[in-house]
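What you see below is based on every heavy atom in this structure, not just the backbone, and it leaves out hydrogens, waters and symmetry mates.
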Amino acid sequence: MTAQKLTNRLIFRLKGISIIRENLILLTMAISLILPFNTYAEETSFSLSGTRKGIRTSTDVVAVTLPAAALAATLIQQDWEGLKEGAFTAAATAGATLILKYTIKEKRPDFSNTHSFPSGHTSVTFAAATFIGRRYGWKWSIPAYALSTYTAWGRVYGRKHHWWDVAAGAAIGAASAMIFTHPYMRKHEVALVPAVSETSAGVVLGFRF
């Protein structure tokens, strides 16, 4: 086999790995979008007023649109590093939320099921808001945090969660984004540059203000 054929085969395999990785990232973020709706199968005939039902429905909408907006921002700006960090944030948020839901098994205020703690709606919205703020600046996160706070309030008002459920969800989502999102590297173009001399070898940390 010639060197050219070997090179072409290697390039083809690397492209395949890249496509698989991108699909896994998108799948992880898609799972985070449907997280808020994973525990609706056991609904009961608990009676709610029209206002509470409307508020509850609006929180459903926010819980999907806010993470979707964060995903759209990374794709529009072709921020592939941000996409990867968003996927890690989504995975950590979804994993922690689901593990706690199915381990603690706290009954919801409306008695619909035993997956009240923590609030999935609140965890994904605060994860998205914190990701947006960390990655693209605090100005963009102001409306996102406003919607997240509204979602937390709406879940309690709509009798889907206790206040401690939404507090825990907010902490999980925000902490996940704080851990996995790194704005400084992107903003200041930080780089590790190899450095070699006659007597030593190493790397130099370089960045631009």
I'd like to check L147 versus T125 (side-chain heavy atoms, cut-off strictly below 4.5 Å). Are they in contact?
no

Working to the nearest 0.5 angstrom, can you tell me the gap between I76 CD1 and L71 CG?
9.5 Å

Would you say F131 and T93 make side-chain contact, with heavy atoms under 4.5 Å?
no

Connecting only ILVMFWY residues whose side-chain heavy atoms lie within less than 4.5 Å of each other, what is the rest of M178's hydrophobic cluster?
none

Suppose clustering is done on Ile, Leu, Val, Met, Phe, Trp and Tyr with side-chain heavy atoms closer than 4.5 Å. Which residues sit in the same group as W138?
I142

Donor-acceptor contacts, no H, no angles, side chain residues 166-173, under 3.5 Å, sequence neighbours left out:
none

Taking ring-ring contact (aromatic ring centres under 6.0 Å, His included) as the definition, give me every residue that meets it alongside W164, ordered by chain and number, with sequence neighbours left out.
H162

Close side-chain approach of Y102 to T114, heavy-atom, < 4.5 Å
no

Check whether any side-chain heavy atom of H161 lies under 4.5 Å from a side-chain heavy atom of P118, and answer yes or no.
no

Donor-acceptor pair, T97 side chain versus A94 backbone, under 3.5 Å?
no

Heavy-atom nearest pair, A127 first then A177, reads O-CB, 3.6 Å

Treating K101 as the side-chain partner and H115 as the backbone partner, does any N or O pair qualify as donor plus acceptor under 3.5 Å?
yes

Would you call the rings of Y150 and W153 parallel, tilted or perpendicular, where under 30° means parallel and over 60° means perpendicular?
tilted

Would a distance-only check, ignoring hydrogens and angles, find a side-chain to backbone donor-acceptor pair under 3.5 Å from R108 to S116?
no

Least distance between heavy atoms, V64 atom then P67 atom:
O-CD, 3.4 Å

NZ/NE/NH1/NH2 to OD/OE distance under 4.0 Å, D79 and R135:
yes

Applying a strict under-4.5 Å side-chain criterion to I, L, V, M, F, W and Y, I'd like to know whether W163 and F111 cluster together.
no

Assess the residue pair S112 and K160 against the criterion (side-chain contact (heavy atoms from CB on, under 4.5 Å)); give the C-alpha distance rounded to whole Å, side-chain angles, the decisive distance to 0.1 Å, and a yes or no.
CA-CA 8 Å; S112 60; K160 293 301 294 184; 3.2 Å; yes

Rounded to the nearest 0.5 Å, how far does OG1 of T51 lie from NZ of K53?
11.0 Å

Other ILVMFWY residues reachable from F126 by side-chain steps of under 4.5 Å
Y145

Minimum heavy-atom separation for S141 to A129, with atom names?
CB-O, 3.7 Å

Atom pair CG/CD1 of L66 and I132 - distance to nearest 0.5 Å:
5.0 Å

Any side-chain heavy-atom pair from T89 and T181 closer than 4.5 angstrom?
yes

State, with a plain yes or no, whether a side-chain heavy atom of R155 is found less than 4.5 Å away from one of D60.
yes

Polar side-chain atom of R56 near backbone of G158 as donor-acceptor pair, under 3.5 Å
yes

Any heavy-atom pair between the side chains of F88 and I179 that's under 4.5 Å?
no

Who pairs with A92 by side-chain contact (heavy atoms from CB on, under 4.5 Å), at least two apart in sequence or on another chain?
S176, F180

